[in-house]
**Student:** 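Sharing a structure here in structure tokens format.
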Protein chains: 2
Amino acid sequence: MGFLEKVLQLDDVIGQLECAEHLEELQSVIEWLRDHYAVDDMVYHWVSSNGTQYGCGTYDPAWVQRYLEKGYLRIDPVVLGCYQRFHPVDWKRLDWSGKAARAFLNDAVAHGVGNQGYSIPIRGPNGQFALFTVSHSCDDAEWESFTEIHRRDLILLAHYFNQTALKLEPGRTPEPTQPLSPREVETMTLLAVGYSRAQVAETLSISEHTLRVYIESARFKLGAMNTTHAVARAIARGQIVV
Amino acid sequence: MGFLEKVLQLDDVIGQLECAEHLEELQSVIEWLRDHYAVDDMVYHWVSSNGTQYGCGTYDPAWVQRYLEKGYLRIDPVVLGCYQRFHPVDWKRLDWSGKAARAFLNDAVAHGVGNQGYSIPIRGPNGQFALFTVSHSCDDAEWESFTEIHRRDLILLAHYFNQTALKLEPGRTPEPTQPLSPREVETMTLLAVGYSRAQVAETLSISEHTLRVYIESARFKLGAMNTTHAVARAIARGQIVV
DNA sequence: CGGCGCCTCGCTATATCTGGGGAGTTGGAA
DNA sequence: TTCCAACTCCCCAGATATAGCGAGGCGCCG
């Protein structure tokens with residue numbers, strides 16, 4: 001297949017993603033892509049803050065099931081690694097030291113996940129986070145060559161998969177993303193860097209009572225149960241920078 | 001210029017971005033791109049919510065100066081709009097109602113900013129946010145056609161500009177992170193989603209005192225002053241996924 | 001085998017946070 | 001102008017977190 005032809009097919013796929021009206025369509029697109037690139041597996045994985053996950057892809061359903069049951073989301077070095085990075089990452093470059101990580105890896109290969117992998121982190125508004133992953137079984141050189149050639153295609157595909165998922169899943173961001181007022185941002189930021197309420201109040205030169213109003217107001221806007229929750233959400237949604 | 005040739009040039013540009021070792025190099029790349037696409041302006045704009053900004057691009061320096069002086073960051077509908085969106089957006093589709101927005105628009109065109117624009121939001125870890133913008137003066141039909149054709153190129157360029165900016169941005173020295181134990185991860189995670197200590201203890205089926213040991217131990221490992229600080233750091237460092 | 005890290009549990013007292021009220025000023029938007 | 005959101009201040013009682021002391025069992029690794 002010539003290069004030009006492939007580019008045009010990529011165009012088709014993106015067009016199909018843009019026109020999709022149901023999440024199920026993503027599944028067939030991703031299967032087509034898996035075959036097209038001749039890899040073992042291809043997965044789009046929505047990692048939501050409220051614990052719910054959505055994914056489509058070609059992993060063995062038994063593995064997906066196990067992943068959810070075991071709560072591997074909090075262990076998987078791919079997720080944790082991509083969460084801290086911006087650029088796509090080869091699985092080999094992640095941190096697989098640590099007992100839990102190695103146990104996870106063994107379990108994964110036992111369920112047929114390839115030894116090679118390449119994952120692209122994607123971020124949307126309000127801290128939305130997703131992963132687009134391609135995985136395969138082959139030696140390092142072959143994989144290196146594959147990722148080198150298709151990196152840019154994969155970045156675009158990741159982008160459009162996420163765009164479609166965002167479009168089709170508006171209920172994913174249930175809390176109306178109310179912006180925090182400047183004072184609330186300052187309050188949350190100072191709390192996030194370890195100040196106590198009294199210290200924050202002193203730093204902002206306001207009474208502690210006033211400060212409490214900000215915390216409560218921010219907590220309400222963020223739909224949080226307590227201060228720690230509010231700060232966590234503010235960080236996760238990118239409303240404050242620590 | 002043929003399509004294939006252009007693709008190869010895009011390759012060159014991306015390669016140059018990946019190899020860049022100083023932020024100044026971005027400036028020459030973006031000027032080359034502006035000429036290549038034959039548009040009026042092209043801008044990469046790092047928008048850190050703590051107020052600091054970095055940008056490179058082809059806007060009139062007087063306009064950039066005025067933008068900073070006037071604090072337009074908090075008014076600019078392009079910034080505000082992109083902050084709420086994932087996909088690239090045409091300026092025409094933004095909300096230009098509101099007195100401040102219209103005043104900003106008038107000021108912008110007075111400083112030579114084109115009437116058409118297309119901006120791509122980009123997000124990195126820890127709420128990092130940037131914009132890649134291309135702007136021009138032409139009629140709607142011509143602009144529609146331009147964005148339709150080059151959308152994917154621009155998305156990729158936005159991605160690589162941001163990757164380079166992230167790489168070259170100083171002060172991003174991640175502190176050596178001591179790994180948290182599985183129980184500590186669970187503890188921090190549940191606290192981050194709003195559970196009180198008692199609730200976490202119940203959820204994990206352990207005594208509240210044991211839980212407290214985990215919190216203190218995690219706080220120590222994270223170098224945190226209190227629970228909120230510890231949770232904030234764990235999230236910001238990607239040690240837990242919320 | 002002897003450390004070391006991890007997991008589990010106990011007590012007490014103080015400091016801090018939370019939740020329920022209410023009230024006045026300012027500046028920008030409808 | 002009228003209204004609303006943001007900012008500022010106040011009281012109080014009960015819930016919750018923190019700080020200090022302790023203890024024992026389990027599994028891994030040199």
Side-chain angles (χ1 to χ4, degrees), chain A residues 74-75 97-103 106 176-192 194-232 239, chain B residues 70-72 74-75 77 80 95-104 177-192 194-232 239:
Chain A
R74 321 270 181 207
I75 297 169
S97 68
K99 205 163 44 182
R102 268 196 300 270
N106 290 334
T177 161
Q178 262 192 301
L180 299 179
S181 77
R183 266 327 209 192
E184 286 160 356
V185 171
E186 288 179 294
T187 300
M188 290 292 109
T189 304
L190 291 172
L191 288 174
Y195 286 38
S196 73
R197 279 203 326 197
Q199 287 174 309
V200 175
E202 196 192 355
T203 305
L204 298 180
S205 306
I206 54 176
S207 81
E208 195 176 333
H209 309 98
T210 302
L211 183 86
R212 218 184 57 201
V213 177
Y214 294 148
I215 298 175
E216 283 186 33
S217 151
R219 208 173 54 216
F220 179 73
K221 286 182 180 176
L222 292 159
M225 309 288 291
N226 52 48
T227 303
T228 300
H229 192 195
V231 170
Q239 303 195 347
Chain B
K70 288 276 192 175
Y72 277 152
R74 313 272 175 207
I75 296 168
L80 298 179
D95 176 25
W96 293 95
S97 68
K99 203 163 46 184
R102 269 196 299 272
F104 165 78
T177 61
Q178 218 178 335
L180 300 178
S181 80
R183 267 323 210 194
E184 287 160 357
V185 171
E186 287 179 294
T187 300
M188 290 293 109
T189 304
L190 290 172
L191 288 173
Y195 286 39
S196 72
R197 285 207 316 201
Q199 287 175 309
V200 175
E202 196 191 356
T203 304
L204 298 181
S205 306
I206 54 176
S207 82
E208 195 176 332
H209 182 271
T210 302
L211 183 87
R212 215 187 62 198
V213 177
Y214 295 148
I215 297 175
E216 283 186 28
S217 151
R219 208 174 54 215
F220 179 73
K221 286 183 180 175
L222 292 159
M225 309 287 290
N226 52 44
T227 304
T228 300
H229 192 196
V231 170
Q239 302 195 345

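Every chain is numbered from 1 and lettered A, B, ... according to where its sequence line falls, protein lines coming before strand lines. The structure displayed is predicted, hence computed values, not measured ones.
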**Student:** Answer whether the closest heavy-atom distance between the side chains of B/L190 and B/Q199 falls below 4.5 Å.
**Tutor:** no
**Student:** With a 4.5 Å cut-off on side-chain heavy atoms, are A/I206 and A/R183 touching?
**Tutor:** yes
**Student:** Using 4.0 Å as the upper bound for N to carboxylate O, is an ion pair formed by A/R212 and A/E216?
**Tutor:** yes
**Student:** May I ask you to evaluate whether A/S181 reaches the phosphate of D/dA6, defined as a side-chain N or O under 4.0 Å from OP1 or OP2?
**Tutor:** no
**Student:** In whole angstrom, what separates B/E216's CD from C/dC7's C1'?
**Tutor:** 15 Å
**Student:** In whole angstroms, how far is the P atom of C/dG19 from the CE atom of A/M225?
**Tutor:** 9 Å
**Student:** Can you say whether the rings of B/F104 and B/W96 are parallel (under 30°), tilted (30 to 60°) or perpendicular (over 60°)?
**Tutor:** parallel
**Student:** Any side-chain N or O of B/T210 less than 4.0 Å from the OP1 or OP2 oxygen of C/dT8?
**Tutor:** no
**Student:** Rounding to a whole Å, what distance do you find between B/E208:CD and C/dC7:P?
**Tutor:** 18 Å
**Student:** Of the residues in residues 196-204 of chain A, which ones touch DNA chain C at a heavy-atom distance under 4.0 Å?
**Tutor:** A/S196, A/R197
**Student:** Report yes if the side chains of A/Q239 and A/L222 come closer than 4.5 Å at any heavy-atom pair, otherwise no.
**Tutor:** yes
**Student:** At under 4.0 Å, does any side-chain N or O of A/K221 touch on OP1 or OP2 of D/dA5?
**Tutor:** no
**Student:** Rounded to the Å, how far apart are A/F220 CZ and D/dA5 P?
**Tutor:** 11 Å
**Student:** Would you say a side-chain N or O of B/R212 is under 4.0 Å from OP1 or OP2 of C/dG10?
**Tutor:** no
**Student:** Over how many whole Å does the gap from A/I215 atom CD1 to C/dT18 atom P extend?
**Tutor:** 6 Å
**Student:** On a plain distance test, is the side chain of B/H209 in donor-acceptor contact with the base of C/dC11 below 3.5 Å?
**Tutor:** yes
**Student:** Could you tell me the separation between the CD atom of B/E184 and the P atom of C/dG5, rounded to a whole number of Å?
**Tutor:** 12 Å
**Student:** Calculate the interatomic distance between A/R183 atom CZ and C/dG27 atom P; express it in whole Å.
**Tutor:** 15 Å
**Student:** From the set C/dG10, C/dC7, C/dT8, return the single nucleotide nearest to any side-chain atom of B/V213.
**Tutor:** C/dT8
**Student:** Rounded to the nearest 0.5 Å, what's the gap from CD on B/E184 to CG on B/L211? Could you check?
**Tutor:** 11.0 Å
**Student:** Rounded to the Å, how far apart are B/K99 NZ and C/dA30 P?
**Tutor:** 9 Å
**Student:** For B/A100 and for A/Y195, locate the closest nucleotide of DNA chain C by heavy-atom distance; then report the residue assigned to the nucleotide nearer the 5' terminus.
**Tutor:** A/Y195
**Student:** What contact category does A/S217 fall into here, base, sugar-phosphate, or nothing, at under 4.0 angstrom with non-hydrogen atoms?
**Tutor:** nothing
**Student:** Do you know which of A/N226, A/L191, A/I215 makes side chain to side chain contact (heavy atoms under 4.5 Å, CB included) with A/V231?
**Tutor:** A/L191
